[in-house]
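Just below is one structure, and these are the notes that go with it.
Keep in mind that what you see is a predicted model, and the values were worked out from it rather than measured. Just the heavy atoms: all of them, side chains too, but no hydrogens, waters or symmetry mates, feed the values below.
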Amino acid sequence: MIPCARTAMNSIKIIVSERETALHTETQGYRSVISQLCRELAELHFEQEAEEIVASALEREALEPTYVGRGLAVPHARVAELPAAAIYITTCEPAICWPLETADTVVLIAVPAEQPELYLQLLGKVMRWRMKKQSVAQLRELLGA
């Protein structure tokens with residue numbers, strides 16, 4: 001696990017993890033992986049919001065899977081009264097089966113529901129990074145700028 005870093009952008013916590021523990025993908029699928037990552041993010045950054053983050057991310061995922069191509073999935077949660085925004089970036093080996101493709105990088109975004117512009121800004125930065133085929137380290141720098 002790479003240490004957390006505070007950024008200038010609204011004190012967003014960025015957490016980067018190169019998987020130290022296995023994701024439970026074989027038996028439970030990508031929704032279970034989203035739940036697991038949401039709980040890990042809550043444990044690392046928030047105190048009580050785990051279930052709200054999980055529910056919001058899974059509700060969004062039910063609308064349309066968040067696999068965006070090139071091995072990247074971007075599940076996201078907008079949670080009322082979340083004390084701060086956080087991004088959990090994880091690389092996964094083996095890749096996680098998402099509908100139609102597999103993802104070896106997952107960028108989980110959690111933002112306060114009251115800040116839709118921040119959510120769109122972060123999602124836009126992640127998508128620009130994906131188009132440039134940059135490394136996870138470069139994504140971390142981009143989000144921290």
Tested for side chain to side chain contact (heavy atoms under 4.5 Å, CB included) against Leu72, the lone hit among Thr66, Val126, Val106 is Val126
Please answer whether the main-chain N or O of Val74 pairs with a side-chain N or O of His76 as donor and acceptor at a distance below 3.5 Å. yes
Are Pro75 and Tyr30 side-chain neighbours, meaning at least one heavy-atom pair lies under 4.5 Å? no
To the nearest 0.5 Å, what is the distance between CD1 on Ile34 and CG on Leu108? 8.5 Å
Gap between atom CG of Leu82 and atom CD of Glu52 - 0.5 Å precision: 9.0 Å
Output a table of donor-acceptor pairs, distance under 3.5 Å, between side-chain atoms of residues 95-103 and any protein atom two or more places apart or on a different chain; print 'none' if there are none.
| residue | atom | partner | partner atom | Å |
| --- | --- | --- | --- | --- |
| Trp98 | NE1 | Glu61 | OE2 | 3.0 |

Could you grab the distance from atom CG of Leu118 to atom CD1 of Ile109, nearest 0.5 Å is fine? 9.0 Å
Below 4.5 Å, heavy atoms only, C-beta onward: do Thr90 and Thr105 meet side chain to side chain? no
Would you give the length of the straight line joining atom CD1 of Ile53 to atom CG of Leu37, rounded to the nearest 0.5 angstrom? 11.5 Å
May I ask you to say whether Glu114 pairs ionically with Arg78, meaning some side-chain N is under 4.0 Å from a carboxylate O? no
With a 3.5 Å cut-off and no angle check, do the side chains of Gln36 and Glu40 form a donor-acceptor pair? yes
Sub-4.5 Å side-chain heavy-atom contact between Tyr88 and Leu44: yes
Please name the residue in the list Glu59, Arg31, Arg39 that meets the side chain to side chain contact (heavy atoms under 4.5 Å, CB included) test with Val54. Arg39
Supply the atom-to-atom distance Leu120 CG to Glu117 CD, rounded to the nearest 0.5 angstrom. 8.0 Å
For the residue pair Ala57 and Ala77, what are the closest heavy atoms and their distance? N-CB, 3.8 Å
